[in-house]
Amino acid sequence: MPTGVENLGQLESQARAALEAAQSVQALTEARARFLGRKGSISSLLRGIGALDPAERGRVGQAVNASKQRIDEHFQARRRVLEAADQARAMERQALDVTLPGLVPPRGHLHPVTLIEREMTQFFSNLGFSIELGPEVETEYYNFEALNIPADHPSRDMQDTFFVEGGHVLRTHTSPVQIRAMSGRQPPFRFIAPGRVFRHDSDATHYPMFHQLEGFLVDERVTFGDLKGVLYAFAHQLMGPEVKLRFRAHFFPFTEPSAEMDFSWRGDWLEWGGCGMIHPRVLENCGIDSERYQGFAFGMGIDRTAMLRFGIPNIHLLFDGDVRVLEQI
Ligand code: FA5
């Protein structure tokens, strides 16, 4: 009578082949179930033993159990291999190469106008000038009247003013700091006043918000020659010895005589600032004896200086906030 055990060897080979073929722990477990599971082919053999001739049962049972154990051992061994491979793959996925360079977060830097402003103020600090600051929202008195620009004076048209309620303006220049600094003080003194100013003005070299550096010095026997000497030294320090300066006679109500100065720029001239000898009436407005004291004053565009230094063709590039532009500077 066939016991089924005749096919045991073949069945075991099939089971081993199925376990070897499995490429994942899940496939392996399924292969095992096909042979050793409750309905598996080896398990069916075991169930059939009860129907055998009692003399055969012991031998067949032993043979089937031994085969079952070998298949199970093969399963365990194969599972360890697959689990190790799984783990190796997972580790590779999460691999951390500690020798790789770290991620460097982008670092900001100072704005070109700030860089130039610092250089400009440093030059005058070295000459013994102190820094004075004034408010950006200014009274009309400081912005115009005290600077000898009366309400009906046409020179107010020179500057496109942003008016604020209550007799205030956004200061159109840094010159009101002259009045604030000189009132209540007696010469000799020398100050610079860097800061933001505002005008209704916009093109390639004009921006509605820009920066000026005001400078003024009052003492006995101050001349226009002193002013020019200081400005030449300043321009050469900032823009290099090749830069050319040009002084043009001009009119400012708060200086007499007055001049505008230009620097050489891209084969042309670009206006840098205004300057002159402080008007006696301005000194008197600040309680300073204009018979005894004279002073010079100047005010130039810091942004214009940055344009020259960094080769920026359009002032809007400085303030449009495009980091791709600013990063190149
Ligand atoms: C003045 O503002 C006078 N307060 C300067 C002065 C001070 C004269 C002391 C005498 C004594 P002006 O309006 O020319 O002058 O402006 C000075 C400089 O500011 C200009 O030469 C230019 O470099 C810069 N500037 C003027 N308007 C703009 C603008 N919209 N955008 C950028 N820079 C400007």
Side-chain angles (χ1 to χ4, degrees), residues 112-113 116-117 120 124 129 132 134 138 142-144 146-149 153 155-162 169-182 190-218 222 224 226-228 230-231 234-235 238-239 245-263 265 269-283 294-309 312-320:
V113 170
I116 289 293
E117 184 179 304
M120 293 170 98
F124 283 102
F129 283 68
E132 280 286 316
E138 188 53 285
Y142 283 111
N143 198 79
F144 296 121
L147 286 163
N148 201 28
I149 315 174
H153 197 285
S155 74
R156 287 203 188 191
D157 294 341
M158 281 160 53
Q159 301 171 343
D160 293 311
T161 311
F162 289 115
V169 296
L170 296 187
R171 66 176 177 188
T172 56
H173 51 176
T174 41
S175 300
V177 186
Q178 287 187 36
I179 309 299
R180 291 181 173 274
M182 292 196 290
R190 45 197 145 162
F191 292 113
I192 47 169
R196 280 195 290 191
V197 303
F198 308 85
R199 290 181 200 176
H200 195 278
D201 211 355
S202 183
D203 62 30
T205 54
H206 293 84
Y207 202 78
M209 181 284 306
F210 60 103
H211 300 75
Q212 284 188 339
L213 180 80
E214 190 83 9
F216 45 103
L217 176 150
V218 181
V222 179
F224 205 97
D226 297 324
L227 171 63
K228 280 184 86 172
V230 167
L231 289 175
F234 183 42
L238 273 182
M239 313 194 234
L245 273 196
R246 179 173 80 171
F247 287 80
R248 281 180 287 110
H250 192 70
F251 170 76
F252 292 106
F254 36 93
T255 45
E256 180 59 35
S258 306
E260 269 189 337
M261 46 190 171
D262 308 325
F263 57 73
W265 189 66
W269 293 102
L270 184 61
E271 190 190 312
W272 191 30
C275 63
M277 301 304 290
I278 301 176
H279 197 290
R281 206 168 295 143
V282 172
L283 293 175
Q294 312 84 47
F296 66 65
F298 56 84
M300 66 269 294
I302 298 179
D303 326 79
R304 296 266 173 100
T305 321
M307 286 169 75
L308 174 90
R309 267 290 287 279
I312 297 168
N314 188 312
I315 192 169
H316 291 249
L317 291 172
L318 279 173
F319 300 117
D320 287 352

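Atom set for the values below is all heavy atoms of this structure, side chains included, hydrogens, waters and symmetry mates excluded. Every number for a ligand or one of its atoms is a count from 1 in the order of the listing.
Within the structure, ligand 1 has Gly273 among the residues with a heavy atom less than 4.0 angstrom away. Heavy-atom distances between His211 and ligand 1 stay at or above 4.0 Å for every pair. Heavy atoms of Thr205 come nearer than 4.0 angstrom to ligand 1 in at least one pair. At least one heavy atom of Phe254 sits less than 4.0 Å from an atom of ligand 1. Distances from ligand 1 to the non-hydrogen atoms of Gln178 include at least one value under 4.0 Å.
If you look at Phe124 and Phe298, their ring centroids are closer than 6.0 Å. Annotation: Phe254 is in aromatic contact with His173 [ring centroid separation under 6.0 Å].
Both the sub-6.0 Å distance and the 45° axial angle are not jointly satisfied by Arg171 relative to the ring of Tyr142.
Between His211 and Phe319, the ring planes lie parallel to each other; the angle is under 30°, not in the 30° to 60° tilted range. Aromatic ring orientation, Phe216 versus Phe191: tilted (interplanar angle from 30° to 60°).
Residues satisfying the side chain to side chain donor-acceptor pair (under 3.5 Å) criterion with His200, sequence neighbours excluded, are absent altogether.
The two residues Ile179 and Ala146 make their nearest non-hydrogen contact at CD1-O, 3.6 Å. Of all non-hydrogen atoms in His206 and Asp201, the two that sit nearest each other are CD2-OD2, 3.2 Å.
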Show which side-chain atoms of residues 269-279 pair as donor or acceptor with protein atoms under 3.5 Å away, not counting sequence neighbours.
residue : atom : partner : partner atom : Å
Trp272  : NE1  : Thr305  : OG1          : 3.0
His279  : ND1  : Arg281  : N            : 3.0

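When heavy-atom distances to ligand 1 are checked against a 4.0 Å cut-off, Ser202 has no atom that comes that close, whether in backbone or side chain. The part of His173 lying near ligand 1 is the side chain, judged by heavy-atom distances below 4.0 Å.
The atoms of ligand 1 that sit less than 4.0 Å from any heavy atom of Glu260 are 14 (O). Residue-ligand proximity, Thr255 to ligand 1, at heavy-atom distances under 4.0 Å covers atoms 10 (C), 11 (C). If you number the atoms of ligand 1 from 1 as listed, the ones under 4.0 Å from a heavy atom of Asp201 come out as 30 (N). Contact atoms of ligand 1 toward Gln212: 1 (C), 2 (O), 16 (O), 17 (C), 18 (C), 19 (O) (distance under 4.0 Å to a heavy atom of the residue). Set against the non-hydrogen atoms of Ala297, the atoms of ligand 1 under 4.0 Å away are 9 (C), 11 (C).
With Arg199, Glu214, Met209 as candidates, the residue nearest to atom 2 (O) of ligand 1 on a non-hydrogen basis is Arg199. Taking each of Arg304, Met300, Glu271 in turn, the one with a heavy atom nearest to atom 14 (O) of ligand 1 proves to be Glu271.
Rounding to the nearest 0.5 angstrom, the gap separating the CD1 atom in Ile302 from the CG atom in Leu213 is 5.0 Å.
Checked by distance only, ligand 1 and Thr172 stay at 3.5 Å or farther apart across all their nitrogen or oxygen atoms. Looking at Trp272 next to ligand 1, an N or O pair under 3.5 Å apart turns up.
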